[in-house]
Structure formats: structure tokens, C-alpha cells
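Structure, as C-alpha cells:
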Protein chains: 2
Amino acid sequence: MDEIDGPARQITFGALFREPYSHYLGWLYARLQERGFPDIRVAHSAVVRTIDAEKGSRVTTLAERAGMTKQSMAYLVDSLIDLDYLEIVPDPKDKRAKLARLTRRGRKLMATAAALGAEYEALLAGRIGADKMAELRRLLTRVATALPDWKPGE
Amino acid sequence: MDEIDGPARQITFGALFREPYSHYLGWLYARLQERGFPDIRVAHSAVVRTIDAEKGSRVTTLAERAGMTKQSMAYLVDSLIDLDYLEIVPDPKDKRAKLARLTRRGRKLMATAAALGAEYEALLAGRIGADKMAELRRLLTRVATALPDWKPGE
DNA sequence: GCAGTATGGTCAGAATATCTGTCTAAAAAA
DNA sequence: TTTTTTAGACAGATATTCTGACCATACTGC
């Protein structure tokens with residue numbers, strides 16, 4: 001009963017992605033802290049990765065892109081305003097709307113985060129081999145285009 | 001200014017992992033809901049994936065494995081007890097301690113989650129090719145063993 | 001141009017998920 | 001046996017997300 005796990009049981013599918021991703025997150029936020037962004041939390045990334053870096057974006061747009069309610073996004077945007085990563089400007093095209101726009105510090109954060117992503121990738125490439133890393137990137141990019149659609153009913 | 005993005009700009013390193021993982025999570029919890037586990041939330045997985053399926057585990061052990069405080073883990077364990085996935089038994093080896101153990105329903109959940117992971121993997125294999133999926137698994141498994149150690153300093 | 005509807009945003013309140021700090025009792029070490 | 005460590009509980013705080021109700025502006029179809 002219960003197969004002898006001679007050749008070490010396969011890692012589960014979820015863990016295959018969760019482990020590197022959560023390891024990366026831990027590393028990234030530790031580096032951000034060291035590099036002058038100690039007040040940035042993981043949740044903030046929903047904003048930073050969806051905002052239009054030049055013109056800024058509406059909260060509603062950010063919420064859609066990040067897949068959350070506008071109230072939740074507004075909470076994150078507010079907190080980034082308090083921390084001086086974002087500022088609000090009226091949207092000239094719609095008197096109801098406002099644009100959340102990166103401040104100088106916000107742009108610096110974005111650039112740093114991008115650089116750190118590349119740095120981590122290089123670090124990993126150094127450990128598994130650049131060829132394997134390139135192949136992994138190819139496969140994951142392919143996966144991104146192949147993710148099965150699903151609605152609550154299949 | 002700003003390179004023309006002819007051959008579509010590279011996906012960021014974080015997104016490479018985040019996208020498939022979060023897609024998988026959405027799919028998984030939708031399936032769990034359909035299959036009789038509508039009350040299971042993502043946070044609960046910290047328990048389900050770290051508990052000893054036969055003998056049960058102490059809260060302290062679960063907390064360590066999941067990388068969170070014992071108070072946080074106790075909160076999750078309590079909620080799984082309320083939902084009839086776990087039960088508490090005294091630890092015979094230590095009068096201070098208790099073991100959280102899977103109930104019948106808890107075991108069913110665990111089995112279902114495992115099956116769904118395999119199902120999703122097969123689904124994805126069907127879309128990118130079984131050979132590519134196998135290669136992806138190989139690479140990700142390799143990555144898991146190669147994740148760079150890091151402490152707040154370095 | 002107006003009635004009706006849709007959209008951008010806010011306010012209020014709740015549930016969930018995590019943390020820190022403090023404390024008790026039991027176990028382990030000195 | 002005294003001291004220290006460990007397992008867990010209790011209290012309270014903070015963060016992250018949701019739903020529901022609302023207001024003001026914009027858009028659509030007469």
C-alpha cells in the first residue's frame with residue numbers, strides 16, 4: 001500500500017509554479033527594501049504592473065486589468081498616494097474621472113522592479129544554465145498564450 | 001524614443017510565473033467549488049499542502065512549513081475545523097500539544113485537489129503538447145532545486 | 001434637448017488573512 | 001531542581017479584499 005517512493009515522488013503541479021514564484025517574491029521585496037522602497041508591499045504590484053507609465057490610468061481601468069473591484073484598487077491607489085508613488089490628476093476627457101499617475105519616486109520604483117526581475121532571472125540562469133533558462137522562458141511564454149479559458153461552468 | 005516593439009516585448013520574469021499560477025488557482029478553486037468544496041479558500045491550501053495526511057500535524061509544525069506565524073496558522077486550522085475538514089486530537093507525546101488531523105472530508109479534499117492538479121496539467125499538455133509539458137516540468141523541477149538562498153542581507 | 005441608462009468614483013461596512021506582544025503550562029536542559 | 005525552551009492561547013492591530021448603496025457626469029435614443 002502506498003507506492004514505495006523510490007525515484008522521489010513528482011512535485012505537484014501547483015508547487016511547480018508556486019515555489020519559484022513565491023521564492024522570487026520574497027527575494028524581490030527584500031531587494032526593494034534594501035534599495036529604498038521599504039514601504040512597498042506585494043499587493044501594490046497590482047497597481048505598478050498595470051498602470052500606464054506615461055499618462056497614468058483611471059482607477060477603473062487598473063481594477064479591470066488587475067481583476068479586482070474598483071474599491072479594492074482605490075484602496076491600493078490611496079495607499080500609494082500616501083507613500084508618494086502616485087499622484088492624482090483630473091482626467092481632461094471626463095469630469096467624473098481622475099488619472100493616477102506615477103510620481104518621480106513611482107517611476108524609480110517601476111524601473112527598479114524591472115531591473116530586479118531581470119537580475120533574478122540572470123541569477124537563476126547562472127544556476128541552471130543560460131540555455132535552460134532560455135528554454136524555460138520560451139515554454140512559459142508559450143504557456144501564457146495557451147492558458148485554457150474557463151468560466152465557472154467548465 | 002521607446003523602441004518600436006516590433007517583435008512583441010518580452011514578458012517580465014514575474015509575469016512568466018504569476019500568470020500561469022494565478023490562472024491555475026482560479027481554475028482549481030472553481031473546480032473545487034463544483035465538486036463539493038465551496039467553502040475552501042486559497043489560504044487554506046497552506047494547511048492542506050503541509051499537513052501529514054496520516055498522523056496529522058501540530059500547528060507549530062504546520063506554521064513552520066508554511067512559513068507563517070503559529071497564530072496565523074492557528075486561525076486557518078480553526079476555520080478548517082469549523083468547516084469539518086480537520087479535527088483536533090491530543091498529542092500523546094506532549095501534553096501541551098495537539099495534532100490537527102484530516103477528517104474524512106479533509107481526506108476527500110486532499111485527494112480531489114491532487115486529482116485536479118493532474119487534470120489541469122493534462123489540460124495544458126493538450127494545448128502545448130505533451131512533450132513540451134514534460135520538458136516544462138523537468139525545467140521547473142530543476143529550478144526548484146536551484147533557487148538561490150537569500151537572507152535579508154545578500 | 002431630455003429621459004433613461006451606463007460609467008467613474010466614493011462611502012460604509014464586513015470578512016478574511018496576516019502580524020506583534022503577552023501569557024500559561026509542559027517539556028527539556030543545565 | 002532551577003532555568004530555559006517550546007506548544008499553544010488570548011488580545012489586539014493592520015492589510016487586503018469584498019458587497020451594497022450612492023452621487024455626479026457622460027452617453028444614447030428618441
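Only this structure's heavy atoms are used, side chains among them; waters, hydrogens and symmetry mates stay out. Chain naming here is simple, since letters A, B, ... match the order of the sequence lines and numbering starts at 1 in each.
Nearest heavy atoms, A:L116 versus A:W27: O-CZ3, 3.4 Å.
With B:E87 as the fixed residue, the salt bridge (Lys or Arg N to Asp or Glu O under 4.0 Å) test singles out one of B:R104, B:R101, B:R105, B:R107: B:R101.
Between the CZ atom of A:R58 and the C1' atom of D:dA24 there is a distance of 14 Å, given to the nearest Å. Straight-line distance from the OH atom of A:Y29 to the P atom of D:dA15: 15 Å, rounded to whole Å. In this structure, A:H44 places its NE2 atom 9 Å from P of D:dA15, rounding to the nearest Å. Nucleotide D:dT25 holds its P atom 10 Å from the CG atom of A:D94, rounded to whole Å. For the pair A:K95 NZ and C:dA6 P, the computed distance is 23 Å after rounding to whole Å.
Taking the centre of each ring, A:Y120 and B:F13 come in below the 6.0 Å mark.
Under 4.0 Å is where a charged nitrogen must lie from a carboxylate oxygen, and between A:E135 and A:R138 at least one such pair does. Here B:E119 does not pair with B:R31 in a salt bridge; the nearest charged N to carboxylate O distance is not below 4.0 Å.
A close approach under 4.0 Å does not occur between any side-chain nitrogen or oxygen of A:R96 and OP1 or OP2 of D:dA26. Under 4.0 angstrom from either OP1 or OP2 of D:dT16 there lies at least one side-chain N or O belonging to A:R41. Phosphate proximity of C:dT10 to A:K98: present, with a side-chain N or O under 4.0 Å from OP1 or OP2.
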Show, in sequence, the C-alpha distance, side-chain angles and deciding distance for A:R18 and A:S22, and conclude whether the side-chain hydrogen bond (donor to acceptor under 3.5 Å, both in side chains) test is met.
CA-CA 6 Å; A:R18 187 183 60 250; A:S22 89; over 6 Å; no
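DNA chain D is contacted by B:T60, B:K70, B:Q71 of residues 60-90 of chain B, taking any non-hydrogen atom closer than 4.0 Å.
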